[in-house]
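Shown next, in structure tokens, is the structure this report addresses.
So that the names make sense, note that chain A is the first sequence line, chain B the second, and so on, each numbered from 1. Owing to the predicted nature of the structure, the values given are computational and were not obtained by experimental measurement.
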Amino acid sequence: MNSITSKIAEHSPDKVKVSRRSVFEAETPKNTGPCILLSVGYDGSRGKALCKLYDPLKNKIYYWFDNSDHKPYCISDLPPEKIRKLPVAVHQGFIGVEVIEKYDLLTDRMVKMSKILASDPLSIGGRGKMKGIRDLLPKAWEAKIPYHNCYIYDRRLIPGFYYRIVDGDLLPVSFEIPRKTRENILNFFEGEPDPVRELVNSWLPIFLYPAPNIPRLAVDIEVYTPQVDRVPEPSLAEYPVICVSFSSSDGLNKIFLLKRKGFSLGSKPETFPEYAELVFFEDEKKLLNETFKLISSYPIILTFNGDDFDLNYLWHRAKKLGIKGEEIPIVLGKNSAGIIPGVHVDLYKFFSNRSIQIYAFSNKYKDATLDAIATSLLGISKIRLNELISELSYYELASYCFRDAEITLKLTTFNNDLVLKLIILLMRISKLSMDDVTRQSVSGWIKNLFYYEHRIRNYLIPLKEDIVAVKGEAVTRALIKGKKYMGAIVIEPKPGVYFNVIVLDFASLYPSVLYRWNLSYETIRCPHEECKSNRIPSLPHWVCKRRLGLTSTIIGMLRNIRVYWFKPKSKDPNIDEATRSWYSVVQQGLKVILNASYGVMGNEAFPLYCPPVAESTTALGRYIISKAVEKAEKIGVEVLYGDTDSIFIHKPTDEQINVLMEWASKEFKIDLDIDKVYRYVTFSGLKKNYLGVFRDGSVDIKGLVGKKRNTPEFIKKAFLEVVEVLSKVSSVNDFEEAKRRIAEIIRNYYVKLRDRRLSLEDLAFRVKLSRSLKHYVKTTPQHVKAARLLEKYGKKLGAGDIISYVKVKGEIGVKPVQLARIDEIDVNKYMGHMETTFRQILEAVGVNLDEIFGFRSLDSFFKR
DNA sequence: GCACGCCTCCAGGAG
DNA sequence: GTCTCCTGGAGGCGTGCC
């Protein structure tokens with residue numbers, strides 16, 4: 001025991017210098033060097049907009065407050081004299097009203113409006129007892145924009161970009177773009193209208209100037225809990241914080257542990273981080289105070305779920321222990337936790353963002369859990385525990401907690417700080433603060449970006465109901481019940497095996513269509529008589545000939561700049577690696593925005609929602625792909641399949657490919673590219689369902705059930721073995737041998753199944769609960785049945801949880817893995833699943849399963 | 001009473 | 001809370017047959 005106590009004593013806080021100097025410069029300097037604009041907010045005590053700047057050279061944060069007496073406001077169509085007679089005028093926050101002129105895109109003319117100024121943001125948009133000004137007006141424009149964003153627009157600020165304070169004023173740092181680079185990029189916009197070229201010019205610095213590396217500290221806490229399977233409730237903060245870990249991008253690695261009676265250091269696990277400094281605290285309050293000092297000493301604090309848990313818990317716990325509010329550098333919002341003086345980024349929110357998950361990380365992680373994300377992106381997992389957190393020895397607890405902090409940090413440092421750079425780029429594009437951009441979804445980014453561009457042009461930001469009133473609803477019918485308008489075409493695939501298949505696709509088809517056809521809410525069904533002849537094929541809609549659409553121009557500019565410059569240059573070996581890496585971030589960030597740019601137009605919740613724009617986009621997509629099929633057939637090329645923006649063509653000559661590409665660029669001014677080159681492709685005959693083998697033998701599997709996440713592991717394994725065999729096939733003659741080997745593989749797995757030589761884990765279906773259990777009322781899917789069985793045993797389950805269940809004989813038919821035994825398994829059901837899985841491939845190979853084996857089903861084949 | 005067809009719900013995926 | 005199109009499995013219900 002003595003040695004343990006002495007070891008602990010070695011780590012006593014008196015001997016270790018824990019605190020770091022705050023990065024905060026309380027007094028705003030009159031002049032600074034270049035700083036990054038991290039965030040714009042509102043300081044209630046001063047009643048001013050507040051910009052958080054980070055000075056990378058001095059490692060300091062400065063707060064700069066508005067010096068222009070900028071006030072919150074909203075806009076009304078009533079003249080000032082009428083407004084002065086309304087209750088608005090006696091609102092305690094009412095300051096005054098002034099006449100302004102705005103350009104109204106919906107009517108295509110200048111309008112006189114009234115700008116109503118207020119003393120504070122709440123006076124405009126307040127709710128509850130004290131109604132805000134916007135609710136006292138019959139109609140109010142631009143009244144729902146958070147004040148700090150309004151300030152960004154009016155000052156034309158670009159979050160994530162460089163600013164400096166000069167004589168107390170905030171000025172952007174101007175960067176010289178090399179003349180050659182500028183010219184090279186603008187060359188790609190040769191022949192485009194002037195406003196497009198001007199737009200490109202104004203956006204270039206955003207893309208060309210690399211993001212800085214900003215120091216950041218990841219924090220993770222562990223809390224004692226007496227209950228199994230229960231996360232402590234932050235708002236109650238009943239139990240002590242027993243461990244806090246820190247890992248920073250500049251090499252700080254610390255673990256704070258709370259000393260508890262009856263706990264020992266234990267033996268050092270292999271996972272213990274020797275490079276981290278272990279600090280013991282007798283007193284929890286002291287532990288929290290030191291934690292807060294560290295939190296105040298970095299410009300960016302990273303957590304994984306810190307909004308809802310870690311920072312939330314720390315705040316409430318600190319209050320409970322009697323720490324004074326001003327000593328807690330945490331500001332709790334409704335759904336988030338801010339910090340002082342820097343910015344808090346909750347990576348759980350960022351990685352949960354569907355667009356980030358799918359488009360930035362190509363669906364590499366399927367669940368937004370720290371373990372799943374870290375495993376697939378970093379190759380590092382969380383530490384597996386055999387005991388409850390509250391029972392771990394000090395060393396084990398420290399190792400476990402620290403790993404989480406370390407992973408959290410690494411999520412922003414891996415691949416050359418990819419994620420940090422991506423966040424900064426998205427700030428610049430969306431014009432949102434770091435705290436906002438990491439918490440909002442893609443529609444929030446696009447909304448803010450469009451609002452900004454409206455404001456700097458003095459365009460009135462329209463009301464959603466006015467857009468729909470003027471432009472109307474969709475006129476097409478969706479194929480799927482419950483959808484609002486018709487979408488893309490999927491060409492019926494020709495079943496069979498085809499060697500030498502090329503996939504041509506229209507590069508970012510929808511953004512290109514929006515741009516080329518000038519589709520924007522103000523240009524579709526515009527008010528001009530002479531434009532009515534400019535029709536969209538097959539639709540009653542027309543497009544403006546007089547005016548360039550605002551949103552279509554922005555989307556087109558982003559699309560072109562990505563396709564022509566950043567995407568190719570990110571792979572150009574003549575460019576230095578640092579630049580290439582930044583370019584790669586830029587092109588990925590643009591991809592995220594572009595992929596959603598059409599979708600938001602068809603989203604009712606989007607403030608510029610415009611169904612005619614959305615359905616015109618898909619209608620033109622259908623038009624273009626149909627014309628492409630026609631053209632291909634006309635020049636003697638067989639089209640095997642196509643989906644939305646692609647055609648799969650059989651054995652085309654180079655000449656034929658060139659003809660098609662030139663035709664597309666001449667006919668539509670849209671690029672048709674070679675997307676994929678297959679050695680062979682097999683089509684089962686089902687749409688969105690095929691297997692292709694590239695020239696190098698790698699395999700491209702789409703839609704097949706063997707690949708689906710919820711397919712049992714053993715079927716996936718069998719499927720992969722079969723795929724492996726197929727990847728070796730290089731000519732028609734190889735198929736006979738391949739089929740024999742495939743039959744062997746299937747038989748092998750069948751025998752394993754029949755003899756129950758498989759684990760329950762291998763047999764489990766893993767299906768996600770998409771909502772809480774009580775919300776399943778219409779039907780009871782199998783995973784819900786299993787989940788309800790689990791609940792009887794006291795397990796708490798909710799939306800997002802993955803249920804693992806197996807199919808068993810008997811009335812209910814399913815059991816959660818935890819409750820099942822191997823002898824209960826319903827072998828026939830699994831046979832059925834194997835059959836469908838392999839039918840998709842084998843039929844694709846061109847031969848019906850029945851024909852291969854000469855029996856009606858696999859089942860009867862094996863029962864022979 | 002029961003097989004069967006048809007529709008709906010739900011999850012997961014393609015683009 | 002971008003969008004629509006497509007597939008498979010199970011649940012739920014009506015219908016016709018024995």
Under 4.0 angstrom, heavy atoms only, what part of the nucleic acid is A:Ser646 near: base, sugar-phosphate, or nothing? nothing
Within a 6.0 Å radius of atom NZ on A:Lys716, are there more than 12 heavy atoms belonging to other residues, nucleotides or ligands? yes
A:Lys484 side-chain proximity, nearest of C:dC5, C:dT4, B:dC10: C:dT4
Using only side-chain N and O atoms of A:Lys778, determine if any of them is under 4.0 Å from OP1 or OP2 of B:dT8. no
Does A:Thr836 make a side-chain N or O approach to OP1 or OP2 of C:dG9 shorter than 4.0 Å? yes
If the cut-off is 4.0 Å, is A:Lys447 near the phosphate of C:dT2, judged by side-chain N/O to OP1 or OP2? no
How is A:Leu686 classified with respect to the nucleic acid when contacts are heavy atoms under 4.0 Å: base, sugar-phosphate, or nothing? sugar-phosphate
Which nucleotide sits closest to the side chain of A:Tyr776: B:dA11, C:dA10, C:dC5? B:dA11
A:Tyr348 atom OH: more than 12 heavy-atom contacts under 6.0 Å: no
Hydrogens and angles aside, do A:Tyr498 and A:Glu638 bring a side-chain donor and acceptor to less than 3.5 Å of each other? no
OP1 or OP2 of C:dG9 sitting under 4.0 Å from any side-chain N/O of A:Tyr805? no
Would you mind reading off the distance between A:Ile480 atom CD1 and B:dC9 atom P, rounded to a whole angstrom? 13 Å
Kindly indicate whether a cation-pi arrangement holds for A:Lys431 with A:Trp203, taking the cut-offs as under 6.0 Å to the six-membered ring centre and within 45° of the axis. yes
Given B:dC10, C:dC5, C:dA10, identify the nucleotide with an atom nearest to the side chain of A:Ala478. C:dC5
Is A:Tyr510 touching bases, backbone alone, or none of the nucleic acid, heavy atoms closer than 4.0 Å? nothing
Would you say a side-chain N or O of A:Ser770 is under 4.0 Å from OP1 or OP2 of B:dA11? yes
Tell me which of A:Val767 and A:Gly703 sits closer to the 5' end of DNA chain B, going by the nucleotide each one is nearest to. A:Val767
Whole-Å distance between C:dT2 C1' and A:Ile356 CD1? 13 Å
Just call it for A:Tyr690: base, sugar-phosphate, or nothing, with non-hydrogen atoms closer than 4.0 Å on any strand. sugar-phosphate
Counting only side-chain N and O atoms of A:Lys481, is one of them less than 4.0 Å from OP1 or OP2 of B:dT8? yes
Could you tell me whether A:Gly599 contacts a base, only the sugar-phosphate backbone, or nothing, with contacts defined as non-hydrogen atoms closer than 4.0 Å? base
Non-hydrogen atoms of A:Ala664 and A:Phe506 that approach each other most closely: CB-CE2, 3.8 Å
N or O in side chain of A:Thr780 less than 4.0 angstrom from C:dA10 OP1/OP2: no
For A:Asn363 and B:dA14, what is the distance between atoms CG and C1' respectively, to the nearest whole Å? 11 Å
Touch class at under 4.0 angstrom, heavy-atom based, for A:Lys366 against every strand present: nothing
Remember a base hit wins even if backbone is also touched, and classify A:Met486 as base, sugar-phosphate or nothing at under 4.0 Å, heavy atoms. sugar-phosphate
From CG of A:Asp643 across to C1' of B:dA14 the rounded distance in Å is 6 Å
Side-chain N or O of A:Asn603 versus OP1/OP2 of C:dC3: is the shortest distance under 4.0 Å? yes
A:Arg771 vs B:dC10: side-chain N/O to OP1/OP2 distance below 4.0 Å: yes
Respond yes when some side-chain nitrogen or oxygen of A:Lys688 is under 4.0 Å from OP1 or OP2 of B:dA14, and no when none is. no
Give a yes/no answer on whether the side chain of A:Lys708 brings an N or O atom under 4.0 Å of OP1 or OP2 in C:dG9. no
SB check A:Lys717 A:Asp762 (cutoff 4.0 Å): yes
Under 4.0 angstrom between A:His783 side-chain N/O and B:dC10 OP1 or OP2: no
Which nucleotide in the set C:dG1, B:dG15, C:dG9 lies at the smallest distance from any side-chain heavy atom of A:Ala605? C:dG1
Using a cut-off of less than 4.0 Å, is there contact between a side-chain N or O of A:Lys702 and OP1 or OP2 of C:dC6? no
Positive for side chain to side chain donor-acceptor pair (under 3.5 Å) with A:Arg439, one of A:Asn353, A:Asn335, A:Asp346, A:Asp307: A:Asp307
Ignoring the backbone of A:Tyr485, work out which of B:dC10, C:dT4, B:dG12 is nearest its side chain. C:dT4
Contact class for A:Phe606 vs. all strands (heavy atom < 4.0 Å): base, sugar-phosphate, or nothing? nothing
